[in-house]
Amino acid sequence: MLLIAQTNPTMNLPIATIQRARIARDPRFDGLFFVAVKTTGIFCRPICRARMPLEKNVDYYASAIQAMDQGFRPCLMCRPDSAPGSFAWKGVETTVERGVKLLSSRLSLNIAEISEKLGISTRYFNRLFEQHLQISPKRYQLLNRLLFAKQLLHESTLPIEQVAHACGFNAAKPLQHHMKANTGLTPSQIRRANSLKGGNEGSEIIVYLSYRPPYQWSHIQAFFKLREIHSNEFVDDSSISKVIKVGGQNVLFKALHQAEQNRFEVRFLLSDLSVLKGSIGVVKKMLDLSCDPHAIASSLKQSGMPESMLRSGIRLPGINDRFEAGCRAIVGQQVTVKAAIGQLNLLQNTLAKRANPDDLIAFVSPARVAGADLSFLKMPNARKATLKAFAEFMTQRPNASIAEWLTIKGIGTWTVNYVNMRHSDNPDVFLATDLVVKNKLKKLAEQQVNIDADTAAPWRSYLTLNLWDL
DNA sequence: GAATTCCCCTG
DNA sequence: CAGGTGATATTG
């Protein structure tokens, strides 16, 4: 028997395909249909590791909601009730992924603290890590620390003692010891190859971050300038400054573009060196410094994008903070960039007052927005409610996956995709439903220019960006 | 490496 | 519904 409702357009699959997908536990069908077992009253995802039920005992549903409506309860192993893309949904893979991320961005945390953040025992974390990456977390962390130390020795003038602290060591000694043991060189030998001049004035730390040219600074500069939130960031012709939150701390940075050297000179103002690595990561992400412009350009050409329209060296302007990204997306629904940014500035100015009009301060916190009366904003009431619900959600579950935001009323696929494009590390987000993108594609089609978005994979974010004016 | 948890089948 | 089987994830 087949109980798939026609309400789900993806569900026009032949029954034989569904059956085969189930037997094979084919992950490509995960989320497209659900398997309900009549004998137990439990429903699962096609990938569920549980014992395979007999064909005569199963019903198929297009959605978890439908299965639950029919009286089935979600399986405790495969969690068909969780949102696709969430941590619970993706399981072990994301745990390792998050572990790697934490390990390489928070150098001062030990393995026990990381495991705790992941919600698993250190024992299991060790095993998973070893299993997937063939290296222990401890060793991975050490090499990461040394790599970062080497970078700082080369690309900053930070004293060695402070380099050690920035890498999660308690003192210079252990850094010297491990560096010598693993690279054959001591930190001061590495430092000697550094030709950078100038000290670190006060508590300011200067780091030089290079990129692969070409880099179209004018585009990313204009993009950020147009979306500037005045008390949080400052954009001028050659630099961008912003207060970011890293590891619970506020960090001010100023990234100055130095086109001749293909790099940015980045100055950080931070109270604790342990967040330096994370801060550098944020800047790299915002300015898209790791991208390979040549690979992207050739892939965009394949999609049918005319050479004349292709902006060489275009970068994806990133947003590191998830709450900020969500706010920008929600407020930006269905309105011009200008209108949206006006409201964001109003939000920031009303709820996050600065002591001194020249100071830069952090973006308003979720708690502040959740607790505020938002009637001062000029936007539809429904959108204000969404913004507030989103802020509440973020105070409760700041680490929930972005896909889970879909459960909030007023947050749909466009909003989630926009956030994914600007915040996630996946460069393959195509905003097919975006109004500007649609209009542009239509206009191009009228001029006999047909763009096949799929062939731009895995760089479809850049295709989207190229279709926007700014 | 054992114990636990969870699922599905059969009687 | 109870009892038994098999399989995987996770822990101590």
Side-chain angles (χ1 to χ4, degrees), chain A residues 1-5 11 13 15-106 109-141 397-404:
Chain A
M1 196 200 303
L2 191 66
L3 295 175
I4 289 167
M11 269 299 26
L13 295 165
I15 178 71
T17 308
I18 293 181
Q19 286 168 345
R20 255 181 281 122
R22 175 178 77 89
I23 305 292
R25 294 199 170 101
D26 192 330
R28 290 171 303 175
F29 291 82
D30 193 15
L32 293 185
F33 69 87
F34 295 82
V35 183
V37 185
K38 287 180 281 190
T39 46
T40 57
I42 298 171
F43 73 100
C44 298
R45 292 154 60 181
I47 51 121
C48 187
R49 58 189 163 80
R51 186 172 167 186
M52 190 66 63
L54 302 177
E55 189 65 41
K56 66 177 167 106
N57 290 333
V58 304
D59 284 343
Y60 297 102
Y61 290 93
S63 76
I65 302 283
Q66 287 169 17
M68 286 175 84
D69 182 54
Q70 291 302 306
F72 293 96
R73 78 144 168 93
C75 171
L76 296 173
M77 290 166 128
C78 62
R79 312 264 204 96
D81 50 324
S82 57
S86 66
F87 295 146
W89 181 270
K90 294 219 266 174
V92 165
E93 271 170 60
T94 33
T95 307
V96 177
E97 218 172 276
R98 288 168 67 208
V100 168
K101 222 172 203 174
L102 278 170
L103 225 37
S104 43
S105 67
R106 306 283 299 275
L109 297 181
N110 60 37
I111 305 300
E113 288 166 324
I114 304 252
S115 311
E116 201 190 325
K117 281 189 180 295
L118 296 175
I120 56 176
S121 67
T122 43
R123 175 90 161 76
Y124 190 44
F125 180 48
N126 276 309
R127 221 173 93 174
L128 275 185
F129 208 90
E130 189 98 45
Q131 211 170 66
H132 287 251
L133 306 169
Q134 287 83 45
I135 182 173
S136 75
K138 185 100 190 122
R139 174 104 184 126
Y140 182 88
Q141 183 180 56
R397 305 186 48 209
N399 293 317
S401 79
I402 293 165
E404 287 179 271

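Lettering follows sequence order; numbering is per chain, from 1. Heavy atoms only: backbone and side chains are in, while hydrogens, waters and symmetry mates are out.
Rounded to an integer number of Å, the gap from A/Met52 CE to C/dT8 P is 11 Å. For the pair A/Ile23 CD1 and B/dC8 P, the computed distance is 13 Å after rounding to whole Å. The separation between A/Leu76 atom CG and B/dC6 atom P is 6 Å, rounded to whole Å. Atom CG in A/Asn126 sits roughly 12 Å away from atom P in C/dT11 (whole-Å rounding). Distance, A/Ile120 CD1 to C/dT11 P: 7 Å, rounded to whole Å. Between the CZ atom of A/Phe43 and the P atom of B/dC6 there is a distance of 16 Å, given to the nearest Å. Separating the CD1 atom of A/Ile47 from the P atom of B/dC7 is a distance of 14 Å, rounded to the nearest angstrom. In this entry the distance linking CZ of A/Phe87 with C1' of C/dA9 reads 19 Å, nearest Å.
Contact annotation: the side chain of A/Ile135 approaches that of A/Phe129 to within less than 4.5 Å [non-hydrogen atoms, C-beta and beyond]. Between A/Gln66 and A/Gln70 the shortest side-chain heavy-atom distance does not fall below 4.5 Å.
At least one donor-acceptor pair under 3.5 Å links the side chain of A/Arg22 to the backbone N or O of A/Pro53. For the pair A/Arg45 (side chain) and A/Asp30 (backbone), a donor-acceptor distance under 3.5 Å is absent. Listed for the A/Arg49 side chain is no donor-acceptor partner under 3.5 Å among the backbone atoms of A/Cys78. Counting only distance, with no hydrogens or angles, the side chain of A/Asp69 and the backbone of A/Ile65 share no donor-acceptor pair below 3.5 Å.
At a threshold of 4.0 angstrom between heavy atoms, the contacts of A/Cys75 are confined to the sugar-phosphate backbone, with no base atom among them.
Taking side-chain N and O atoms only, A/Asn57 has no distance below 4.0 Å to OP1 or OP2 of B/dC8. Close to B/dC8, at under 4.0 Å from its OP1 or OP2, lies a side-chain N or O of A/Thr40. Note on A/Arg73: a side-chain N or O is less than 4.0 Å away from OP1 or OP2 of B/dC7.
Taking CG from A/Asn399 and CD from A/Glu404, the interatomic distance works out to 10.5 Å, rounded to the nearest 0.5 Å.
Distance from the side chain of A/Ser121 is smallest to C/dT11 among B/dT10, B/dC7, C/dT11.
Taking the ring centroids of A/Phe43 and A/Tyr61, they lie at or beyond the 6.0 Å cut-off.
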Tabulate below the donor-acceptor pairs under 3.5 Å that side-chain atoms of residues 111-118 of chain A make, not counting sequence neighbours, or state none.
residue	atom	partner	partner atom	Å
A/Glu113	OE1	A/Asn110	N	2.8
A/Ser115	OG	A/Ile111	O	2.8

Base-pair map of DNA chain B as dot-bracket, where | denotes pairing with a different strand and pairs are Watson-Crick or G-U under 3.5 Å: .|..||.||||

Footprint string (nucleotides 1-7 of chain C, 5' to 3'): B base within contact, S backbone only, - free, heavy atoms under 4.0 Å: ---BB--

